[in-house]
Number of protein chains: 2
Amino acid sequence: MKYSNQTRLLVAVDCVIFGFDGADYKLLLIQRGFAPEKEKWSLMGGFIQPSESADEAASRILEQLTGLKEVYMEQIQAFSTPERDPIERVIALPYVALIDIEKYKTQINDDFHARWYNIKSLPNMIFDHKEMVELALNKLRYKAAFHPILFELLPEKFTLPQLQAMYEGLYDTKIDKRNFTRKVLSTNLLKKENEKDKSSSKKGAYYYSLDEEHYKENFTNIHNFIPRNEIPVGNE
Amino acid sequence: MKYSNQTRLLVAVDCVIFGFDGADYKLLLIQRGFAPEKEKWSLMGGFIQPSESADEAASRILEQLTGLKEVYMEQIQAFSTPERDPIERVIALPYVALIDIEKYKTQINDDFHARWYNIKSLPNMIFDHKEMVELALNKLRYKAAFHPILFELLPEKFTLPQLQAMYEGLYDTKIDKRNFTRKVLSTNLLKKENEKDKSSSKKGAYYYSLDEEHYKENFTNIHNFIPRNEIPVGNE
DNA sequence: TTTTAATAGTGTAAAAAATACAGTTAATAA
DNA sequence: TTATTAACTGTATTTTTTACACTATTAAAA
């Protein structure tokens with residue numbers, strides 16, 4: 001038994017995969033292997049299969065490209081205009097994924113000719129993928145203003161200067177070091193390690209790591225790492 | 001030309017339509033007119049047609065039931081588990097809609113046997129519609145904590161006690177009247193009218209209305225009408 | 001006419017949070 | 001030993017938020 005006289009459509013998920021390399025935000029793009037727009041740059045995506053939910057499809061597709069499982073992903077608004085794909089109508093469910101850029105470097109799947117692009121100089125992309133990236137970035141800026149999601153971009157151990165650079169990069173602003181440190185440490189989300197990162201200064205900066213338990217418990221709480229006047233006007 | 005060897009699916013939008021009657025939040029439900037689950041309560045929904053986007057479908061479906069156009073609507077996360085509809089797989093895109101309950105009362109479309117239910121005593125609903133409502137409520141609570149969206153539920157003229165009752169109802173809490181008034185008026189979103197609502201007190205409460213221009217300009221800004229400790233842990 | 005009752009309206013002091021701001025420390029390299 | 005470079009740290013001020021209670025208005029009742 002089926003619903004009759006209704007049109008069925010292709011439904012795809014597209015992964016907007018962000019990384020942070022210590023200085024810049026990067027987006028992982030692939031070179032599309034098939035027509036139309038063969039060899040143009042594209043988000044990694046795929047059609048939802050009969051056996052899987054959208055979340056499962058997104059995880060599958062992310063793993064296919066990066067080898068990574070259990071990645072922080074979040075669905076954003078569907079893209080659904082009838083003509084967005086010239087071949088055939090496809091409803092796209094975009095997912096924002098935040099990964100530790102180092103974890104991907106080890107596992108390059110050459111099948112897709114993937115490449116990290118600086119988000120400030122993105123290539124032309126197929127269809128409406130650029131819009132998806134813009135929406136994803138707005139969402140990320142909005143959400144990161146209140147929730148500590150950016151930690152997903154960092155390796156297990158990181159320094160406060162790295163953390164601050166990550167926030168400064170996302171909002172393209174300078175934040176006062178003393179105020180930033182105070183706010184971050186007051187959340188008790190971080191544990192100080194007895195080890196320094198000497199790679200970027202003579203003095204060296206202490207490593208910190210996430211207090212995983214506290215992090216999970218307080219993930220959905222409202223935090224405020226960035227100054228009031230840098231909080232973006234909200235797209236969500 | 002088509003994408004080959006891919007499964008096409010039905011895609012529906014479902015409208016989670018909220019109203020506020022001065023005391024309680026209400027949800028507009030319909031009695032499903034066809035199998036399966038005929039006569040069970042359901043969100044108003046429908047399949048996306050070939051010519052329309054999801055947003056357009058949601059607007060069409062909302063108008064079909066309520067007669068209202070240009071209603072505040074927002075898409076929330078897709079529901080996509082393969083078995084959610086027993087007849088056939090359907091991907092559902094739920095939309096939250098906020099309407100002035102008075103505007104609907106005048107235009108009851110009897111075809112759907114629609115009814116307002118208090119959100120505190122919802123009937124059994126088909127499929128996963130209850131989950132959609134829960135998700136929509138969480139989203140509403142979260143968003144309304146930072147953005148002045150609840151005004152969409154009020155008529156053109158409303159009083160401060162009404163406004164406060166609406167916020168208190170959503171968060172199921174009591175808010176200090178003086179602090180609430182100060183915060184609300186400091187946004188300059190409201191214009192005081194020279195007229196009182198005498199229906200709920202002898203003294204009468206002054207009507208206020210939205211300063212439409214200021215409202216639209218500041219809609220996406222971050223506001224804070226509710227006390228810090230009532231801000232919900234975030235689902236978004 | 002006076003009293004009662006019920007809700008609307010209003011201000012201030014204290015606490016908490018956010019901001020602005022600059023000198024000292026540590027370690028390597030010269 | 002000195003110079004260089006980035007990490008680290010504290011306080012005073014401003015802004016925001018909170019806590020808290022009495023007066024005003026008017027219709028209805030006495």
Side-chain angles (χ1 to χ4, degrees), chain A residues 22-23 145-146 148 154 157-169 171 173-209 218 221-232, chain B residues 22-23 145-146 148 154 157-169 171 173-209 218 221-232:
Chain A
F146 300 115
L154 290 174
K157 292 189 293 186
F158 49 87
T159 67
L160 292 180
Q162 280 166 18
L163 185 66
Q164 181 167 346
M166 188 169 65
Y167 276 88
E168 289 180 341
Y171 299 100
T173 188
K174 279 280 171 200
I175 303 175
D176 181 89
K177 190 171 26 171
R178 288 160 293 189
N179 294 338
F180 181 79
T181 305
R182 187 186 310 114
K183 283 181 178 182
V184 167
L185 294 181
S186 74
T187 63
N188 289 112
L189 254 41
L190 301 191
K191 287 187 305 197
K192 191 175 189 172
E193 303 285 326
N194 280 323
E195 192 190 348
K196 280 184 167 183
D197 167 32
K198 291 279 184 67
S199 67
S200 65
S201 82
K202 290 161 184 168
K203 183 175 178 180
Y206 277 104
Y207 279 117
Y208 286 79
S209 64
N218 291 275
N221 289 9
I222 305 292
H223 292 281
N224 253 71
F225 293 172
I226 65 164
R228 244 196 280 272
N229 60 316
E230 299 298 338
I231 293 177
Chain B
F146 300 115
L154 291 174
K157 291 189 294 188
F158 51 86
T159 67
L160 292 180
Q162 280 166 18
L163 185 66
Q164 181 168 347
M166 189 169 63
Y167 276 88
E168 289 179 341
Y171 299 99
T173 188
K174 280 281 170 198
I175 303 175
D176 181 89
K177 189 172 31 168
R178 288 160 292 188
N179 293 339
F180 182 79
T181 306
R182 186 186 310 115
K183 282 181 179 182
V184 167
L185 294 180
S186 73
T187 64
N188 289 113
L189 254 40
L190 300 190
K191 288 187 305 198
K192 190 175 190 172
E193 303 287 325
N194 280 324
E195 193 189 348
K196 280 184 167 183
D197 166 31
K198 291 279 184 66
S199 67
S200 65
S201 82
K202 290 160 184 171
K203 182 175 178 179
Y206 277 105
Y207 279 118
Y208 286 78
S209 64
N218 292 274
N221 290 8
I222 306 292
H223 293 281
N224 253 71
F225 293 171
I226 66 163
R228 241 196 279 274
N229 60 316
E230 298 298 337
I231 292 177

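Chain letters run A, B, ... following the sequence lines, proteins first and then strands; every chain starts at 1.
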Partner residues of Thr159(B) under the side-chain hydrogen bond (donor to acceptor under 3.5 Å, both in side chains) criterion, sequence neighbours left out
none

Restricting to side-chain hydrogen bond (donor to acceptor under 3.5 Å, both in side chains), what partner residues turn up for Lys202(A), sequence neighbours left out?
none

First contact, last contact: which nucleotides of DNA chain C are these for chain B, 5' to 3', heavy-atom distance under 4.0 Å?
dA5(C) to dA17(C)

Can you tell whether the side chains of Lys157(A) and Glu193(A) come within less than 4.0 Å, N to carboxylate O?
no

Applying salt bridge (charged side-chain N to carboxylate O under 4.0 Å, His left out) as the test, list every pair that has at least one member in residues 178-192 of chain A; sequence neighbours left out.
Asp176(A)-Arg178(A)

Listed partners of Ser186(B) passing side-chain hydrogen bond (donor to acceptor under 3.5 Å, both in side chains), at least two apart:
none

What pairs with Tyr167(A) under ring-ring contact (aromatic ring centres under 6.0 Å, His included), at least two apart in sequence or on another chain?
Phe180(A), Phe225(A)

By salt bridge (Lys or Arg N to Asp or Glu O under 4.0 Å), which residues pair with Glu168(B), not counting sequence neighbours?
Lys174(B)

Between residues 191-205 of chain A and DNA chain D, which residues have a heavy-atom gap below 4.0 Å?
Ser200(A), Ser201(A), Lys202(A), Lys203(A), Gly204(A), Ala205(A)

Judged by atom type as modelled, is there a donor-acceptor pair below 3.5 Å linking the side chain of Tyr208(B) to the main-chain atoms of Leu185(B)?
no

Flag yes if more than 12 heavy atoms outside Tyr171(A) fall under 6.0 Å of its OH atom; otherwise flag no.
yes

Value for CZ (Phe146(A)) from CD1 (Ile222(B)), rounded to nearest 0.5 Å, stands at 3.5 Å

Among all residues two or more places apart in sequence or in another chain, which pass the side-chain hydrogen bond (donor to acceptor under 3.5 Å, both in side chains) test with Thr187(B)?
none

Taking any atom under 4.0 angstrom from a heavy atom of chain B, which nucleotides of DNA chain D are the first and last to qualify, 5' to 3'?
dT17(D) to dA27(D)

Which residues satisfy the side chain to side chain contact (heavy atoms under 4.5 Å, CB included) test with Glu230(A), sequence neighbours excluded?
Thr173(A), Ile226(A), Pro227(A)

Residues touching DNA chain D, which here means a heavy atom under 4.0 Å, drawn from residues 173-185 of chain B:
Asp176(B), Arg178(B), Asn179(B), Arg182(B), Lys183(B)

